[in-house]
Amino acid sequence: MRPDAATAGVPLRKSLLTRLLGASLLIAVCALSATAWLAVQTTASTIRQQSGQALRDDLTVYKTLMDYAATHPRWDGVDRTVAALARRTDRRIILRTVQDADGRTFADSSPGASSTASQALAVIDPLQADPALIPATPADRIYPQALGPFRLPAGQRQELLAAAQKALRCLRGLPFTARLTHLPGGHPRIEISGSSDDWKKGAITCPLAAVNAPTPAEAEALGRLNASIKNCLDRQGLPAVKLGLDLAPTRPLLADSASGTAAQNCVDTSRREQLAPYVAPAARLFVSESTGSAAVSGFTFSRENTMRIVGVTALVLALTTAVTVVVGLRLVRPLRALTDAARQQGRGHAPVPVTTDDEIGHLTVAFNDLSEYRERMEAQRKAMVSDIAHELRTPLTTIRGWLEATQDGMLSDEDDVTAALLEETLLLQHIIDDLQDLAASDAGTLQLHQEYLEASTILQHVATVHGGRAQAAGVAVEVCAEGDAWLFADPLRLRQVVGNLVSNAVRHTPPGGKVTLRSRRTGGTVLIEVADTGSGIGPEDLPRVFDRFWRAEQSRSRRTGGSGLGLAIVRQLVEAHKGEVTVTSTLGTGTVFALHLPT
């Protein structure tokens, strides 16, 4: 019994169906179980989601009120903002003063409700932001939106932005890179990367100063801020520190040193003193549940609901089983056909019918193509073995005949016998060398020693080598090179390619004919053509001219010469150079072989 007999037919079919059915049932059971579990866990999940939502709402309330305090000098008018937040988050929001001892309430989203005794969520103070609630808070804890006198009005910001875009258009084409940035207060700035000379040239020709220079209000505010910082530093005997329009020190402060820490404290204190009149005073924020909100209670399944879930589960499992069996049978049927066809390999191939246009249909098409290719390769292998035996038999038979005649005394060991034996031996060696080149090319081990060379040099060399033979045959060989056609190739292999083509052309051209070798550059390739005025090749034979051991003369007579490997070697060597060889021919007119080689 063959080894594959144990897995033939029914066992494979049952195995595939069993796996498919088991997978489908497992998916159905898991899905139904997960659905029931999710239904039971609805209450806990809802509570957890509401807890997370409450935290996000608290952060939203905190950030919104911080934005308000950073852009308003007083809390007047905050009631509308508090009411909108309360409606959005369904929370009660209360703001109380920090300065008053009793914590006077000045904003309440539900003023008529009873007061809460909950602990304050946070303190709303743009000059002392809480990094735990706003991770992007800078080290000085000054809220980024608290800009005070450095906040540009919208109209002035638009004017400066228009001037900046005009300057950028002016700077195009100059030998440096310019990009548009914005300072915290909204002031646009053009940053230039390049040499100082280039920068000066751009500054002279383009209105950079009108963009990068501070406005009068910014200059005044920056001057007051730097003066306050200087007074603080002078009192402590520390070196001067100045801030730029980006509110960053013009020289780095060493935070790990006592002087650096003291200087940073002066900068932070001066900034807070300057911003204090522009931001709302600190206030305590209280957030609690809205009086109209209700808690979500859990639930349990009754006996009726439990039986209903069990019934639905059983129905789903039954439908899953039925659908899986039907689909499994449809999947297994073409697979069994493929399996039977695979076992028939070697006893004739009948294409497997393609019944679907899905992955299995594509697999069937690929299997048919592979089987057809395998049969074609097997036929070519058998033909090649026969061709090689035929090609080797002829010179070996000749050598044996000469040697036996000499041994029997019918011929003497003279020069003509030696010359004949040498000629047949060289022919045999030529066939073996050609086969070795083809084998190396097939295996990908063919070595190329490429260099830059001119195509006309190769053509002249080949014409000189084959000139004597062509002259003896009454055929003229002409070289026509158009311009300089340089390419990167192996000169020995390229001469072998052109030589094979010229040898074939001379062999099939009658006396008085001509063989022309042309070369020219066409775009990114070099075109080399070998054209003759010979007998030509029939259209039915053109697709086979590069097959191994193929000859247009089916009698395989050596009167025309050649082993049938020359054109096959031509194609392999050209493809090894990443090129392409084509042929066009007309019976009774001539043939043109064209080599397209990359430069």
Side-chain angles (χ1 to χ4, degrees), residues 430 433-467 469-470 475-509 514-534 536-537 541-548 550 562-586 590-599:
H430 178 67
D433 290 342
D434 287 347
L435 289 173
Q436 186 176 8
D437 287 343
L438 289 175
S441 179
D442 290 339
T445 59
L446 185 64
Q447 297 293 327
L448 295 179
H449 303 282
Q450 294 177 275
E451 60 185 57
Y452 285 102
L453 50 90
E454 193 173 7
S456 60
T457 304
I458 299 295
L459 300 187
Q460 292 289 353
H461 177 85
V462 173
T464 302
V465 171
H466 292 268
R469 179 181 174 187
V475 178
V477 178
E478 178 181 339
V479 176
C480 181
E482 300 179 10
D484 295 334
W486 288 85
L487 68 159
F488 191 64
D490 186 330
L492 295 179
R493 295 298 185 180
L494 189 57
R495 284 198 293 268
Q496 181 182 0
V497 169
V498 180
N500 284 354
L501 295 178
V502 172
S503 177
N504 282 347
V506 171
R507 187 182 306 121
H508 294 90
T509 300
K514 182 173 67 172
V515 176
T516 304
L517 283 72
R518 295 188 290 265
S519 67
R520 67 177 183 273
R521 183 188 180 102
T522 58
T525 62
V526 171
L527 176 63
I528 297 177
E529 294 180 334
V530 177
D532 62 58
T533 58
I537 305 172
D541 293 330
L542 276 179
R544 301 184 57 196
V545 295
F546 295 107
D547 292 347
R548 300 174 185 183
W550 180 86
S563 62
L565 295 174
L567 292 180
I569 292 177
V570 166
R571 182 174 64 178
Q572 293 289 80
L573 293 179
V574 171
E575 290 178 352
H577 283 81
K578 310 299 181 184
E580 181 185 9
V581 57
T582 58
V583 57
T584 57
S585 182
T586 304
T591 304
V592 178
F593 284 88
L595 308 178
H596 305 267
L597 299 171
T599 57

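Everything numeric here is computed off the predicted structure, so don't read it as measured data.
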State, to 0.1 Å, how close Pro598 and Leu487 come at their nearest heavy-atom pair, and which atoms those are.
O-CB, 3.9 Å
Taking every heavy atom of Thr599 against every heavy atom of Arg521, the minimum-distance pair comes out as CG2-NH1, 3.5 Å
Ignoring hydrogens and geometry, is there a side-chain-to-backbone donor-acceptor pair from Thr533 to Lys514 under 3.5 Å?
yes
With distance as the sole test, does Thr591 use its side chain to make a donor-acceptor pair with the main-chain N or O of Thr584 at under 3.5 Å?
no
For the pair Leu494 and Leu453, evaluate side-chain contact (heavy atoms from CB on, under 4.5 Å) and give the outcome as yes or no after the intermediate values.
CA-CA 10 Å; Leu494 189 57; Leu453 50 90; 4.0 Å; yes
Between His577 and Asp490, the two heavy atoms sitting closest are NE2-N, 3.1 Å
Between the main-chain N or O of Gly499 and the side-chain N or O of Ser503, is there a donor-acceptor pair closer than 3.5 Å?
no
Taking every non-hydrogen atom, the tightest pair across Ala531 and Arg518
CB-NH2, 3.8 Å
Reported CD-to-CG distance for the pair Glu580 and Leu597, which is rounded to 0.5 angstrom:
10.5 Å
For the OG1 atom of Thr522 and the CG atom of Leu527, what is their distance to the nearest 0.5 Å?
5.5 Å
Derivation and outcome, side-chain contact (heavy atoms from CB on, under 4.5 Å), residues Leu595 and Val498
CA-CA 9 Å; Leu595 308 178; Val498 180; 4.3 Å; yes
Going from CZ on Arg571 to CG on Asn500, what distance comes out if it is rounded to the nearest 0.5 angstrom?
14.0 Å
Could you walk me through whether Val477 and His466 pass the side-chain contact (heavy atoms from CB on, under 4.5 Å) test, one step at a time?
CA-CA 8 Å; Val477 178; His466 292 268; 5.6 Å; no
Smallest heavy-atom separation, His596 atom then Thr582 atom, equals NE2-OG1, 3.6 Å
Between atom CZ of Arg495 and atom CG of Leu492, what is the distance when rounded to the nearest 0.5 Å?
5.0 Å
Okay, side chain of His508, backbone of Asn504: is any donor-acceptor separation there less than 3.5 Å?
yes
If every non-hydrogen atom of His449 is compared with every non-hydrogen atom of Pro491, which pair is closest and at what distance?
O-CD, 3.6 Å
For residues Phe593 and Val570, determine if any side-chain heavy atom of one lies less than 4.5 Å from a side-chain heavy atom of the other.
no
Side chains of Arg493 and Gln450, heavy atoms from C-beta outward: is any pair under 4.5 Å?
no
